[in-house]
Structures are given as structure tokens and as C-alpha cells.
Amino acid sequence: MLLTEQEKLREFISTAVEKYDRQRSALLPILWAIQEEYGYVSEIAMQYVADLLGIHAAKVYGVATFYHFINTEPKGKFIIRLSRDISSIMKGANDIARQLETVLGIRFGETTPDGLFTLQWTSCIGMDDQAPAMMINSEVFSNLTPLLIPQIIRQCTEKFYSHRPITGMVGDSFTTTLTYASHHANAGITKAVAMEPDEVIAEISASGLCGRGGAGFPTGTKWKMAADANSDVKYMICNADEGEAGTFKDRITLSWFADLVFEGMTIAAYAIRARQGIVYLRAEYAYLLPHLEQVLKARREAGLLGHNISGKEGFNFDIRIQMGAGSYVCGEETALIESLEGNRGEPRTRPPYPTEAGFLGQPTVVNNVETLATASVILARGAPWFSGIGTEKSKGFKLFSVSGDCTRPGLYELSWGSTVSGLLALAGGEGAKAVQIGGYSGRFLPAAEFGRKLAYEDLGAGSSVIIYGPDRDLLEVAENYLEFFVEESCGQCTPCRDGTVVLLNGIRSLRNGKCSGQQLDELLSLAETICVTSKCGLGQASPKVLLSINRYFRNEINAHLTAEHSARSK
């Protein structure tokens with residue numbers, strides 16, 4: 001008897017749900033499986049999933065519509081996502097956009113009549129060292145020029161009719177010599193298993209290693225908190241959701257030094273006595289998944305994952321990879337955990353902290369890619385070596401992703417305490433009038449402050465460095481930032497959800513010469529309010545660009561105010 005289409009759909013979903021033992025926390029992987037098979041997740045598919053998981057359909061709908069990469073309506077066979085972060089715009093993304101629209105005969109947000117192509121803007125895809133760049137499904141195309149677009153579209157069309165794979169075009173990154181490259185394979189884990197878990201934590205603490213993801217929390221302290229938690233079940237999570245605009249250091253680390261990252265996860269698991277590790281990999285890095293799975297397979301075969309790791313009786317630990325689905329806020333550790341549990345990636349109220357009640361309510365350590373890779377090197381070389389680098393309060397070295405108005409964008413390893421001006425000289429960014437440190441949520445600095453230090457005690461732990469040359473329109477920069485924050489807000493709190501929209505509209509009015517001095521004052525007052533009343537770091541950071549430009553580059557604002565105000569201000 002032939003099955004109807006709905007029966008086939010239900011059978012497929014049932015198989016997918018059973019694969020994950022009907023775990024509600026597997027909701028996102030289940031939605032991914034449906035989308036890969038059918039192209040999108042329909043409302044009836046959501047209802048089937050809800051029935052089988054024993055949850056309300058509204059819950060499934062809420063999760064599916066939260067993530068940018070989950071389609072809830074039909075899209076083209078090839079979804080083109082062109083990066084529109086400011087570094088990409090600076091390198092010609094708008095020219096690429098016009099060429100795409102011309103070649104495809106559609107506008108952004110539309111699908112071609114034959115159902116082959118959907119054209120969309122997207123946030124940073126981690127390729128700012130090779131901007132402009134775009135994704136077609138999971139393939140990445142970088143260093144784009146308008147002349148390349150017809151060739152790429154033709155390749156996709158030929159693939160559809162011939163079933164040959166499309167091949168992305170990714171160039172080489174400029175990268176300084178990295179300490180990771182001289183690491184002796186698995187030297188860190190070999191030393192770790194010869195120590196007691198508390199001795200491993202003590203070594204990390206003595207090194208002075210702090211989180212490389214942005215918050216800068218002491219890594220040894222975090223591990224000790226989880227180790228001391230009273231539970232037989234603990235989790236080690238690698239945050240590979242590198243969504244901060246302008247950042248690509250984790251992409252390069254995972255591409256070249258995945259073994260080092262997995263080694264660091266294994267060391268952390270030994271220290272806190274965790275048996276399961278999870279890598280939360282951002283959807284934009286899906287093309288790295290086969291490589292990462294191969295590295296994990298090789299580590300299992302070498303006895304570096306699984307049971308009795310490195311010959312240590314009773315040390316059992318393994319790692320799985322779970323894909324994100326396009327959400328900037330999931331880079332925050334509690335939002336990431338919510339996503340892993342099959343929920344919308346909305347930050348939790350703390351306390352409790354993840355080290356006490358994290359994934360599935362169990363003690364959990366969340367460290368980012370760079371932190372874990374660096375921990376491996378520290379165990380291999382010793383805490384004194386690492387703590388001897390940097391400053392008194394900022395130990396060791398740091399990776400910086402540099403893009404924008406410079407001649408040598410790329411990945412730079414520097415000792416903590418290096419100056420902004422020193423980094424600009426290395427990257428060919430001399431003459432800049434402003435620099436953004438730490439991505440859109442970081443610090444916006446004028447040239448007068450380029451002598452400041454890249455260190456926790458000064459500019460913080462941010463890794464993204466975006467350089468703005470003397471002719472760059474900073475109000476265009478502010479508009480781009482606020483478009484990003486409006487798009488990425490989780491919507492949980494009013495100041496961020498609604499306030500950033502008002503700021504964006506205000507910036508647009510200002511750029512169009514339709515903003516008075518009184519309106520500007522109201523915008524600045526609102527910006528201050530959003531900073532102090534938003535629930536999480538996204539909302540708290542979203543107004544910073546406007547406040548900084550007003551503080552350091554008021555002349556550029558005055559040039560756009562209405563004529564009446566301009567006359568009064570002279």
C-alpha cells in the first residue's frame with residue numbers, strides 16, 4: 001500500500017525522533033533533519049514533532065522561528081546568504097548584492113520563479129579576513145568580485161541538473177606564527193592524566209588563564225567550581241558559536257588545530273570529572289563538520305576519547321558536535337545551554353551559574369575554542385611559561401581577528417599588553433580615525449586612544465578588531481551595527497527589543513538630515529537607558545556605538561542635524 005505524503009512525513013519524523021531517544025533536548029537537531037530532507041519545516045511537521053516529543057506545538061514553533069537558519073516556509077534549492085557586517089560592506093558587499101540581483105532577476109528576500117535560488121542578507125559568517133563573502137547552503141565563497149557571480153551561479157545551476165557538488169572558493173588567511181603550531185601532539189593530555197584532577201586545576205589557575213570568549217573569567221576558577229559541585233553527572237561544552245561581528249579566530253583554530261581544541265576539552269573533562277563533551281558549532285561553520293568529525297574519529301581510534309583515555313583507568317569521556325542554527329545571542333553561555341536543551345536561545349537569569357546548574361540542570365563548564373586550545377598548551381609547557389607572558393593582570397598571549405580599512409587583514413597572535421597602535425602597524429592600518437575592539441559589543445576608540453593596551457585591565461578580552469579609515473562614514477557604521485542588534489535581539493526584554501528599533505530609526509533620520517537637536521538628545525537619553533536596563537550583554541552593548549560617536553566624533557553628527565539646529569549650534 002502506497003503511503004501518502006503526510007504519512008511519509010510522519011514516518012520520517014518518527015525515525016528522526018527515535019534516533020535521539022525522544023529527548024526533548026534534541027529538538028534543534030530534529031528540526032535540522034527535517035529541513036535537510038524537505039527543505040523547510042512546515043507547520044504540520046512541527047505538530048508531528050510536538051506529538052512525538054510530548055510537548056506543545058507552540059513550543060516547537062517558537063524554537064523553529066527563533067533561529068535564522070531554520071526555514072518555516074519553502075526556500076530555493078540554493079539559499080544564498082551574503083554577509084552584511086560592516087567589514088563586508090567596507091570591502092564591497094553592496095556591489096556583490098547588486099550583481100546577484102541582476103544575475104538572478106530577484107531582490108533580497110525573494111526566490112526565483114523556478115525555485116532554484118533564494119537571496120538573503122545575513123550577519124557575519126566569520127570570513128571578514130576574506131570579505132566580501134557569502135554562503136550558498138553550507139558552502140562558503142570568499143574574496144568575491146562582481147565578475148565571479150555569474151560563474152558561481154552557473155556552477156550551482158549545473159550542479160542542480162547534473163548532481164555534481166558545488167565547490168566553495170575560500171582563500172588563504174594572513175596569519176602570524178601561532179604558538180599552537182609548535183605544540184607537540186597530545187603533550188597536554190599526557191601530562192594531565194599523570195596528575196590528579198585538582199592538580200590540573202591548580203596548574204591552570206597558576207597560569208592566570210582567563211576566558212578568551214569575552215567575559216575574561218578565570219578558567220581555573222570555573223573548572224574548580226564545577227569540580228566541587230556535588231553531582232555524578234557533569235558536562236564539558238566547547239562554545240564554537242563565534243558570532244561576534246568581525247571575529248574569525250575560532251574558525252581558523254578549528255580548521256588548523258582541531259586536535260588541540262579537543263585535547264583541551266579532554267583535559268577539562270578530566271579536571272572536573274565529566275564524561276560527556278559537546279561542541280556547539282555555529283551554523284555558518286557547517287562546512288567544518290566533516291573535518292571535525294574525522295578528527296574525533298581519529299582520536300577515538302588512538303585511545304584519546306572513549307574509555308580509559310590515554311591508559312588512565314576509569315577516565316571515560318567522549319565528544320559530540322551539535323549544530324547551532326543562526327543566532328548571535330547563543331554565544332552567551334546560558335543562551336547556548338538553552339539552545340542545547342531544545343529551547344529558544346534566550347539568556348538565563350543568574351544565579352544559578354552553569355557550573356552549578358547548567359546543561360540539563362547538571363554542573364557544566366562552557367569554554368570557548370581559544371580558551372581550550374590554550375589550556376592544552378599550558379599543560380604541555382607549564383604555568384610559569386604562560387604566566388611569564390603578558391602583563392601582571394593579563395597573562396599569556398591572545399588571538400586577534402583584524403579586518404576593515406587595512407592592507408593586511410588576518411589573524412594576529414600578540415602578548416597581552418600590546419597597544420592598539422602596535423597592532424595597527426602590523427596590519428597596515430596606520431592613519432585610521434577609529435577602531436572597534438571586541439566586535440559590535442566592544443569598545444569604539446578614536447585615534448587619540450590608540451596608545452591603550454589590549455589587556456583585561458584596559459580594553460577587555462575582545463578578539464575582533466575592525467579598523468575605520470579617515471574617510472569612513474561613522475554614521476553608516478552606526479546604522480549597520482544597530483541593524484545587526486535589531487536582527488539579533490532575542491526579544492526577551494523591552495529595552496533591547498523595542499529600544500534598539502527606535503535607535504536605528506533615529507540614526508536613519510539623522511543620516512537623512514531629518515533629526516533635530518532635541519530628537520538627538522532624546523535618542524542619547526534612550527541609549528543610556530537601554531545600557532542599564534537590558535537583561536543581557538547584547539542589549540547593554542547595542543547603544544554603545546551611538547554614544548561613542550557622539551562623544552568622540554560629534555562633528556560628524558552635527559553635519560547631519562537639521563539646518564535649524566545647525567544654525568543654533570554655530
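None of the values given here were measured: they were computed from a predicted structure. Note: hydrogens, waters and symmetry copies are ignored here, and every other heavy atom, side chains too, is used.
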What do the steps show when you test Asn480 against Tyr440 for side chain to side chain donor-acceptor pair (under 3.5 Å), and what is the final call?
CA-CA 10 Å; Asn480 181 275; Tyr440 287 11; 2.5 Å; yes

Shortest non-hydrogen pair, Val41 vs Met46, comes out as O-CE, 3.4 Å

Just so I know, are the side chains of Arg452 and Ile437 near enough to count as touching, which here means a heavy-atom distance under 4.5 Å?
no

Please name the pair of heavy atoms, one in Arg251 and one in Leu288, separated by the smallest distance, quoted to 0.1 Å.
O-CD1, 4.2 Å

Within the side chain of Ser534, is there an N or O that forms a donor-acceptor pair under 3.5 Å with the backbone of Ile530?
yes

Between OG1 on residue Thr157 and CZ on residue Phe78, distance to nearest 0.5 Å:
7.0 Å

According to salt bridge (Lys or Arg N to Asp or Glu O under 4.0 Å), who are the partners of Glu332, at least two apart in sequence or on a separate chain?
Arg350

side-chain hydrogen bond (donor to acceptor under 3.5 Å, both in side chains) partners of Glu413, counting only residues at least two apart
Thr179

Side chains of Leu27 and Val60 in contact at under 4.5 Å (non-hydrogen atoms)
yes

Any side-chain heavy atom of Lys535 sitting closer than 4.5 Å to one from Thr349?
yes

Candidates Ser142, Ser403, Ser173 - the one meeting side-chain contact (heavy atoms from CB on, under 4.5 Å) with Asp129:
Ser173

side-chain contact (heavy atoms from CB on, under 4.5 Å) between Glu346 and Val329: does it pass, once the steps are laid out?
CA-CA 7 Å; Glu346 297 173 341; Val329 76; over 6 Å; no

Output yes when Asp473 and Arg511 qualify as a salt bridge under the 4.0 Å nitrogen-oxygen rule, no when they do not.
yes

For the side-chain contact (heavy atoms from CB on, under 4.5 Å) test, which of Thr102, Ile80, Ile96 pairs with Ile149?
Ile96

Decide yes or no on side chain to side chain donor-acceptor pair (under 3.5 Å) for Gln436 and Ser464, but give the supporting numbers first.
CA-CA 8 Å; Gln436 182 78 33; Ser464 167; over 6 Å; no

Check whether more than 12 heavy atoms from other residues, nucleotides or ligands sit under 6.0 Å from atom OH of Tyr38, and answer yes or no.
yes

Quick one: do Glu333 and Lys222 make a salt bridge, cutoff under 4.0 Å?
yes

Donor-acceptor check, side chain of Asn367 to backbone of Cys238, threshold 3.5 angstrom: yes or no?
no

Residue Lys453 excluded, over 12 heavy atoms near NZ under 6.0 Å:
no

Short side-chain to backbone donor-acceptor contact, Lys433 and Arg472, under 3.5 Å
yes

Test side chain to side chain donor-acceptor pair (under 3.5 Å) on Glu244 and Ser463; report intermediate values, then the result.
CA-CA 9 Å; Glu244 190 65 65; Ser463 297; over 6 Å; no

Inter-residue atom distance Arg551.CZ - Leu547.CG, 0.5 Å rounding:
10.0 Å

Between the NE2 atom in His560 and the NZ atom in Lys514, the distance rounded to the nearest 0.5 Å is 13.5 Å

With a 4.5 Å cut-off on side-chain heavy atoms, are Leu504 and Glu483 touching?
yes

For the student: nearest non-hydrogen atoms of Thr391 and Trp416, plus distance
CG2-O, 3.7 Å

Mind checking the CD1-CZ spacing from Ile125 to Phe141? Nearest 0.5 Å is all I need.
10.5 Å

From CA spacing to verdict: side-chain contact (heavy atoms from CB on, under 4.5 Å), Asp128, Ser401
CA-CA 8 Å; Asp128 282 329; Ser401 307; over 6 Å; no

What I'd like to find out is whether the side chain of Ile79 reaches to under 4.5 Å of the side chain of Asn71, using heavy atoms alone.
yes

Non-hydrogen atoms of Ser542 and Thr500 that approach each other most closely:
OG-CG2, 3.1 Å

Check: Pro146 main-chain N/O paired with Gln99 side-chain donor or acceptor under 3.5 Å:
yes

Under 3.5 Å: donor-acceptor pair, side chain of Arg81, backbone of Met135
no

Within the side chain of Tyr67, is there an N or O that forms a donor-acceptor pair under 3.5 Å with the backbone of Gly345?
yes

With rounding to the nearest 0.5 angstrom, report the CG to OH distance, Leu281 to Tyr287.
9.0 Å

Does the side chain of Ser123 pick up a donor-acceptor pair with the side chain of Glu487 at under 3.5 Å?
no

Please assess Arg508 against Glu479 for the test salt bridge (charged side-chain N to carboxylate O under 4.0 Å, His left out), listing each intermediate value before the final yes or no.
CA-CA 7 Å; Arg508 287 172 174 167; Glu479 182 178 6; 3.2 Å; yes

Which heavy atom in Tyr412 sits nearest to a heavy atom in Ala427, and how many Å separate them?
OH-CA, 3.3 Å

For the CG atom of Leu520 and the CG atom of Leu510, what is their distance to the nearest 0.5 Å?
6.5 Å

Between Phe484 and Asp85, is a side-chain contact (heavy atoms from CB on, under 4.5 Å) present by the stated rule, with each step listed?
CA-CA 8 Å; Phe484 173 83; Asp85 61 280; over 6 Å; no

With Gln120 as partner, the option from Lys75, His68, Glu110, Arg84 fulfilling side chain to side chain donor-acceptor pair (under 3.5 Å) is Lys75

Side chains of Thr253 and Glu370 in contact at under 4.5 Å (non-hydrogen atoms):
no

If you look at every heavy atom in Ile467 and Val402, which pair is closest and at what distance?
CD1-CG1, 3.7 Å

Do Met169 and Leu148 have side chains that get closer than 4.5 Å, going by heavy atoms?
yes

Can you check whether Phe485's main-chain N or O pairs, donor with acceptor, with Ser489's side chain at less than 3.5 Å?
no

Using only atom types and a distance under 3.5 Å, with no angle test, would you say the side chain of Asn368 pairs donor to acceptor with the backbone of Gly211?
no

Ignoring hydrogens and angles, tell me if any N or O in the side chain of Thr364 forms a donor-acceptor pair with the backbone of Phe359 under 3.5 Å.
yes

Is the closest side-chain heavy-atom distance between Leu474 and Phe444 below 4.5 Å?
yes

Given the rule in the side-chain contact (heavy atoms from CB on, under 4.5 Å) test, do Lys398 and Lys249 qualify, once you have shown the distances and angles that lead to the verdict?
CA-CA 10 Å; Lys398 181 75 181 73; Lys249 65 184 179 63; 3.6 Å; yes

Look only at the side chain of Tyr328 and the backbone of Cys124, and say whether a donor-acceptor pair between them is shorter than 3.5 Å.
no

For Arg554 and Asn558, test the side chains for any donor-to-acceptor distance below 3.5 angstrom and give the result as yes or no.
yes

Does Glu43, at its CD atom, have more than 12 non-hydrogen atoms belonging to other residues, nucleotides or ligands within less than 6.0 Å?
no

